[in-house]
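Below: one structure, written as structure tokens.
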Amino acid sequence: MNFITEGELYQNVLKTVAHAGNLININENALERLKYPRRAITVSVTLKGDDNKIRTYTGYRVQHNQTLGPFKGGLRFHQDVNISEVAALSALMTFKNSLLNLPLGGAKGGICIDPKTLSPGEMQRLTRSFTSEIGPFIGPDKDIPAPDVGTDSQTMAWMLDTYSSEFGFAQTGVVTGKPVEIGGSHGRDSATGLGVIFICEKALATKNKKMDEATIAIQGFGKVGMHAAIEAYKLNAKVVAVSDVSGGLYNEKGINIEELVKYTSENGGLIKGFTGCDSISNDDLLALDVDILAPCALDHAINSGNMETVRADIIVEGANGPVTSNATKYLHDKGVMIVPDILANGGGVVVSYFEWVQDIVWLFWSAEEVREKLKTIMYRSFDTVWEFSQDQNQDMRSSAMAVALKRLEKAMTLRGLAW
Ligand code: GLU
């Protein structure tokens with residue numbers, strides 16, 4: 001498994017696991033099982049291009065652990081996807097689901113491709129081809145994919161259709177993050193961003209502050225960052241900066257997020273060209289003196305190279321793995337609270353869990369019910385991690401991992417997998 005565990009993100013995850021495992025004096029057999037994924041499936045994804053030529057891409061589904069329930073995790077279509085990154089993200093799903101107390105294991109998948117280079121027709125054919133290849137390994141009781149970077153509810157709809165037609169019967173529970181019209185849940189699209197803001201509220205409260213007194217900078221204006229910004233704006237927080245691949249915007253009085261969302265929907269989803277703000281670089285955004293910095297883009301955004309420039313009091317990891325372990329240590333020692341990904345961006349998989357449950361019983365909840373149930377889980381999870389960190393005098397990343405490991409260790413012991 002060396003080629004799988006050798007990537008930087010996987011190594012970062014292993015470091016956190018080792019440290020947190022020590023804190024709870026984890027059973028060594030349980031720990032050994034958690035270090036490696038159960039299965040790593042590599043497939044060739046063939047695509048008939050619009051030019052009528054066959055092109056081949058590499059796709060992955062890594063199933064890390066199923067002690068708590070069926071494998072669960074997103075699918076990433078991005079040009080940097082590689083097996084080690086997918087495996088690290090699958091491990092993070094195991095820990096995230098355990099920490100959130102969901103009856104789900106951890107998995108992740110992806111295709112190494114830049115989806116921006118595909119036409120909608122090509123995207124559909126690619127998704128169907130990938131679904132056929134991983135078809136034998138997924139299913140509502142086995143492994144349930146969901147959106148991640150570069151995929152969305154439309155991708156899930158094609159997956160559902162391909163899987164169902166090969167199965168012979170409609171299988172709505174095979175994916176989550178689907179459109180509401182075909183068995184999706186209300187509130188799934190905005191769930192991760194909303195969860196980020198619930199966590200911001202809790203983190204601020206530890207410093208006796210409220211959202212309407214806070215300044216916030218958000219890196220990434222996609223599925224996570226945009227919804228976090230919308231929610232923060234509704235709560236009257238000052239969203240002073242946002243960025244995406246096209247650049248960054250800054251307004252010390254706070255950006256009008258409602259207007260910005262309208263603008264992006266008419267401008268190919270990008271923030272570039274929005275008036276009434278100064279333009280700033282991504283590096284400048286990360287270095288702003290704000291109450292909360294929410295990196296909601298890709299991993300390693302804050303690393304040894306730029307950690308000394310960070311001036312935020314609180315970092316809330318909307319993305320997976322945006323702060324490296326070196327940077328975590330450095331910033332924690334400086335007094336910065338870093339709320340880790342497995343807690344901060346857990347809102348997405350929480351509502352995926354709700355969607356999966358609703359598909360099983362064929363009874364659907366209102367947007368308000370989803371929101372309230374999500375809030376309960378996010379608040380409760382934050383409190384558990386915060387208490388551990390205060391009792392043990394540990395940073396939030398180690399504390400979140402320790403809580404996750406403890407539940408997994410208990411479940412493994414009960415199942416006879418550790419002794
Ligand atoms: N991709 C999201 C995550 O990293 C959601 C996964 C899911 O809903 O299964 O948490």
Side-chain angles (χ1 to χ4, degrees), residues 9 13 60-66 68-78 81 85-111 134 138-153 155-156 159-160 172-179 183-196 198-199 220 222-225 227-228 295-299 316-322 339-359 370 374 377-378 381 400 404:
L9 188 59
V13 174
Y60 309 100
R61 184 70 183 169
V62 181
Q63 300 176 330
H64 179 260
N65 187 277
Q66 57 179 345
L68 300 174
F71 294 113
K72 182 88 192 81
L75 284 180
R76 179 172 287 204
F77 292 181
H78 190 272
V81 161
E85 184 195 59
V86 174
L89 294 168
S90 76
L92 285 175
M93 286 309 302
T94 298
F95 304 126
K96 191 184 298 188
N97 292 335
S98 173
L99 168 64
L100 297 162
N101 219 357
L102 306 178
L104 296 167
K108 199 83 173 195
I111 305 178
I134 63 163
I138 61 172
D141 306 317
K142 290 193 230 172
D143 181 356
I144 307 119
D148 197 81
V149 176
T151 56
D152 58 16
S153 58
T155 323
M156 295 305 116
M159 289 191 75
L160 159 60
T172 47
V174 66
V175 285
T176 59
K178 308 176 281 292
S185 175
H186 286 294
R188 176 61 185 84
D189 281 352
S190 52
T192 312
L194 181 56
V196 165
F198 287 145
I199 293 298
K223 283 196 293 283
V224 182
H227 288 288
C296 298
L298 288 171
D299 46 74
V316 176
E317 293 189 326
N320 286 313
V339 189
D341 43 11
I342 60 170
L343 173 59
N345 71 27
V349 73
V350 169
V351 178
S352 272
Y353 164 63
F354 295 161
E355 181 174 333
W356 181 65
V357 169
Q358 292 170 83
D359 286 338
V370 169
L374 171 62
I377 294 185
M378 298 309 289
S381 304

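Atoms within a ligand are numbered from 1 in the order they appear, just like the ligands themselves. The figures here come from the full heavy-atom set of this structure, side chains too, leaving out hydrogens, waters and symmetry mates. All figures in this text were calculated on a predicted structure; none of them were measured in a lab.
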Of all the heavy-atom pairs spanning L160 and V174, show the shortest one and how long it is.
-> CA-CG1, 4.1 Å
Mind listing the closest non-hydrogen atom pair of G110 and L75 along with its distance?
-> N-CD2, 3.9 Å
Those residues at least two apart in sequence (or on a different chain) that pass side chain to side chain contact (heavy atoms under 4.5 Å, CB included) with S98 are L68, A404, R407, L408
For K108 and V86, work out which heavy atoms get closest and say how close.
-> O-CG1, 3.3 Å
Any protein N/O atoms within less than 3.5 Å of an N/O atom in ligand 1? List the atom names and distances, or say none.
from: ligand 1; atom 1: 1 (N); to: P147; atom 2: O; distance (Å): 3.0
from: ligand 1; atom 1: 1 (N); to: D148; atom 2: OD1; distance (Å): 2.7
from: ligand 1; atom 1: 4 (O); to: K96; atom 2: NZ; distance (Å): 3.2
from: ligand 1; atom 1: 4 (O); to: K108; atom 2: NZ; distance (Å): 3.0
from: ligand 1; atom 1: 4 (O); to: D148; atom 2: OD1; distance (Å): 3.4
from: ligand 1; atom 1: 4 (O); to: N320; atom 2: ND2; distance (Å): 3.3
from: ligand 1; atom 1: 8 (O); to: R188; atom 2: NH2; distance (Å): 3.1
from: ligand 1; atom 1: 8 (O); to: S352; atom 2: OG; distance (Å): 2.5
from: ligand 1; atom 1: 9 (O); to: K72; atom 2: NZ; distance (Å): 2.8
from: ligand 1; atom 1: 10 (O); to: K96; atom 2: NZ; distance (Å): 2.7

Distance-only donor-acceptor check, side chains T151 and R76, under 3.5 Å | no
Please say which of N97, T176, T94 ends up in a side chain to side chain donor-acceptor pair (under 3.5 Å) with K72.
-> T176
